[in-house]
Every structure is written in C-alpha cells, then in structure tokens.
Amino acid sequence: DAQTFGRLTDFGVRHGAAPFTVLVACLYAFFSRAYLRSDITFGYPILNRASSDERAKIGLFTRLLPLRVSAAPSATFLELVKLVAKAQRSNLRHRRCPLSEMFPGSAPGRPFDVVLSFARHDYDLRFGACTARAVSLSNESLLQPLSFFVEEFVSGADAAMVLDYNLAYFKASDAARRLRNLKHLLAQVLDSPESKLADFEVAAPADVEAVRSRFNPAAEVDSGPLQI
C-alpha cells in the first residue's frame, strides 16, 4: 500500500539506500528465516545496451543479473542493507557477462532463488490524444519459483507489488500468505532496523493463530447441564 511504500522510500533516503536495495534486504530477511538459508541468489533485470549501435536503437534491451546475498543471523537489518548495496555496486562490472558463463550447465532461469523487478515509469503514456497505462501480464510459463514485481506505472498513483509464481511450486493461497508475511516483516524492519535478523517474526499473527488452531484445537465446551 502507499503508506508502506512511502515508509520504505523514506527509510532509504535516511540511510542512503535505494528502495530496491531496501526491498532486496527485506526479501532476504524473510526467505533466509522462512527456509533456514543464509545464502540466497536474487535475479534482477537491468538495462543492457552494450554498444553505441544498440544505444541508438529503439526498444528495450534488458537482462537478468544475479545478486548473491549472504549474512549472519546476528547481523542487523541496517547492516544487511549496507551489505546489499555494496554487492549491487560490485555486480555492475559483470553486467555484460552472459549467464551461461556465470552458471555453466544450469537450466535457464534456475540460477536464481527469487527474481525482483523494480519498474518505475515516471512519465505518462499517450497514443495521440488518448492516455494509456502499462499493465503487467503473466506468461504462465515462469522458469523461477517466485518473481516479485514492484510497479510504479502511473504517475501519482500508488506502487503495486505483484507476485508471479510457478504453479509447480506454489498455490494461490501460498502466494497470498507470503505477501502477507512479507508485509508483516517489512513493518518490523522499518520500525527496528537496528534489530538482529534472527529477532524478526516471519509469520503474520493471523498465520500463527491458524497454525496454533490447527494443531491445538480448543476443547469443545458442552453448555448443557452437568450431572455430578
């Protein structure tokens, strides 16, 4: 929602980090806790015009660049943000290296655990006198298990987060739960950036209660008369 995204942006301004960097750190904090992994590789699209000839052409030249993040559970969220920013700057020198050379022998799309696209259109779309807007569509053949798309497609409108997922790995209810838990974690890290990653709660209260009710159902109470 607009309030959460505004807080994320303000946090980045205060600490010298882009909203994309803060969001990568939040995704890492979530998935490292949820799946008990300290090493997560993100894929993110970048503009990739390698030559002056390509820069003169009309069109969109992009490619996915891997971003490997690893942090100790004892690290604070603020330390994680700085670590992600440093890894991003280091990554730029590999932006023209083909993925086939970075990950020889891997299946297409499989080098990435999570994909994050941060698309910002700070302009209006028009076709003659008609206004238009970009709409995100899924091709229903996603190679990666999970892809997050943060979209600012309309000037002055709220940003939207879209989760595209591989049906071989997730159901719609799984995707909705992850978005809900991610928002819950994002609120925590923005409130307490100096807290350790191991101290944040991954599951939203509603999901914790659902699990508790499933494994510890409340005893049925008979409201009828008791005979002693």
May I have the step-by-step check of salt bridge (Lys or Arg N to Asp or Glu O under 4.0 Å) for D207 and R177, ending in yes or no?
CA-CA 8 Å; D207 295 308; R177 184 173 65 254; 5.1 Å; no
Once you round to the nearest 0.5 Å, how far does [atom1] of [X] lie from [atom2] of [Y]?
X	Y	atom1	atom2	value
H184	F30	NE2	CZ	10.5 Å
L23	L27	CG	CG	4.5 Å
R14	L78	CZ	CG	10.0 Å
Y169	L167	OH	CG	12.0 Å
F149	L163	CZ	CG	9.0 Å
N91	L65	CG	CG	4.5 Å

Apply salt bridge (Lys or Arg N to Asp or Glu O under 4.0 Å) to residues R212 and E209 and explain how you reach the verdict.
CA-CA 5 Å; R212 183 182 292 116; E209 185 59 34; 2.8 Å; yes
Please determine if D10 and R7 form a salt bridge, counting it only when a charged side-chain N lies under 4.0 Å from a carboxylate O.
no
Any Lys/Arg nitrogen of D39 or R68 sitting under 4.0 Å from an Asp/Glu carboxylate oxygen of the other?
yes
If you look at every heavy atom in [X] and [Y], which pair is closest and at what distance?
X	Y	value
A71	L83	CB-CD1, 4.5 Å
P19	T9	CG-OG1, 4.1 Å
L185	C26	CD2-O, 3.8 Å
L116	P45	O-CD, 3.3 Å
T41	P66	CG2-CB, 4.1 Å

For F20 and S117: C-alpha separation, side-chain torsions, deciding distance, then whether side chain to side chain contact (heavy atoms under 4.5 Å, CB included) applies.
CA-CA 9 Å; F20 174 85; S117 173; over 6 Å; no
Say whether, by atom type as modelled, one donor and one acceptor occur between the side chain of [X] and the main chain of [Y] under 3.5 angstrom.
X	Y	answer
D174	K171	yes
S32	Y28	yes
Q188	E201	yes
T76	E79	yes
D164	L146	no
R33	L197	yes
T21	A17	no
N181	A204	yes

Same apolar cluster (I L V M F W Y, side chains within < 4.5 Å links), Y35/L80
yes
Examine L36 and F42 and state if one hydrophobic cluster contains both, with Ile, Leu, Val, Met, Phe, Trp and Tyr joined whenever side-chain heavy atoms are less than 4.5 Å apart.
no
Any side-chain heavy atom of F148 sitting closer than 4.5 Å to one from V162?
no
For this output row, return yes or no: ring centroids of Y44 and F112 closer than 6.0 angstrom.
no
Mind checking whether F77 and F11 have parallel, tilted or perpendicular rings, split at 30° and 60°?
tilted
From CA spacing to verdict: side chain to side chain contact (heavy atoms under 4.5 Å, CB included), V81, H15
CA-CA 9 Å; V81 170; H15 298 284; 5.6 Å; no
Would L67 and V84 count as a side chain to side chain contact (heavy atoms under 4.5 Å, CB included) if you check the C-alpha gap in whole Å, the side-chain angles of each, and the deciding distance to 0.1 Å?
CA-CA 8 Å; L67 176 63; V84 171; 4.2 Å; yes
I'd like to know whether R178 forms a side chain to side chain contact (heavy atoms under 4.5 Å, CB included) with F170, so could you lay out the CA-CA distance, the side-chain angles of the two residues, the decisive distance to 0.1 Å, and finally the verdict.
CA-CA 10 Å; R178 276 160 179 78; F170 300 101; 3.5 Å; yes
